[in-house]
Amino acid sequence: RTRHIDRLKIGDDAVSHPRQHIGYWVSPDAVASVREAIRSCPRPHDRGCDCPAHTSLGAICFAENNLDAAFEHFSSAVRLRADYLPAIFGMTKVMEARGRLDEAEQLLRFAVSAKPGSAAAEYNLGVVLAAKGNTVEAMACYVRAIEVDPRIARGGRGVGGYNLSHQPGL
């Protein structure tokens, strides 16, 4: 079980940019491995077991544009551990895709307060704020993210390949 989850473990940036990983996430073997990991978990509600697996399935569904299933998997992980950032980021990406920016903003504000010092949480909040037209506050989020992890400011790969020059409203 652990071997399957470890092979598919995702970081904060993987859920933020699932299409970068589409070849990896949508492979039938990957889907089967994650589903088997969930089924074979000795304790069905073990936080260490289900959170990464549900988040991986959410990323797969999101990449396949199955937003309902993606949201359900991300939500399952968050129900098990409310501060699990990869699942929170996945939920907010689904909300963004559905145009529910106010809800995404609220959830990301929770993430920032639950995990102070998370560059990814600050960055993702900035993305949503910029999409809502709040560029001043978005820029403040980006600056805080850069203070935590200066790689975000660099183009190219940086943290999750973030490149601030391509953000909406900036």
Decide yes or no for [X] and [Y]: does some side-chain heavy atom of the first lie under 4.5 Å from some side-chain heavy atom of the second?
X: V143; Y: I146; result: no
X: V127; Y: Y142; result: yes
X: S118; Y: E122; result: no
X: H73; Y: F62; result: no

Check [Y] with [X], please: is the shortest side-chain N to carboxylate O separation under 4.0 Å?
X: D68; Y: R98; answer: yes
X: K132; Y: E96; answer: no
X: D83; Y: R81; answer: yes
X: R109; Y: E105; answer: yes
X: R144; Y: E137; answer: no

Minimum heavy-atom separation for [X] to [Y], with atom names?
X: A104; Y: T92; value: O-CG2, 3.8 Å
X: A138; Y: G126; value: CB-O, 3.3 Å
X: A82; Y: I88; value: O-CD1, 3.3 Å
X: A145; Y: A119; value: CB-O, 3.5 Å
X: T55; Y: F74; value: O-CE2, 3.4 Å
X: A70; Y: G58; value: CB-O, 3.4 Å

Just how far is it from atom [atom1] of [X] to atom [atom2] of [Y], taken to the nearest 0.5 Å?
X: L125; Y: F110; atom1: CG; atom2: CZ; result: 13.5 Å
X: Y84; Y: M91; atom1: OH; atom2: CE; result: 14.0 Å
X: M95; Y: D102; atom1: CE; atom2: CG; result: 11.0 Å

N124 side-chain N/O to A120 backbone N/O, donor-acceptor pair under 3.5 Å: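 Indeed, once roles are kept as given, a pair shorter than 3.5 Å links the two residues.
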
Hydrophobic cluster identity match, V128 and V148, side-chain contacts under 4.5 Å: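 Unlinked, V128 and V148 end up in two clusters.
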
side-chain contact (heavy atoms from CB on, under 4.5 Å) against A69, all qualifying residues, sequence neighbours excluded: C61, N66

Full working for side-chain contact (heavy atoms from CB on, under 4.5 Å) between D149 and Y123: CA-CA 10 Å; D149 190 343; Y123 176 84; over 6 Å; no

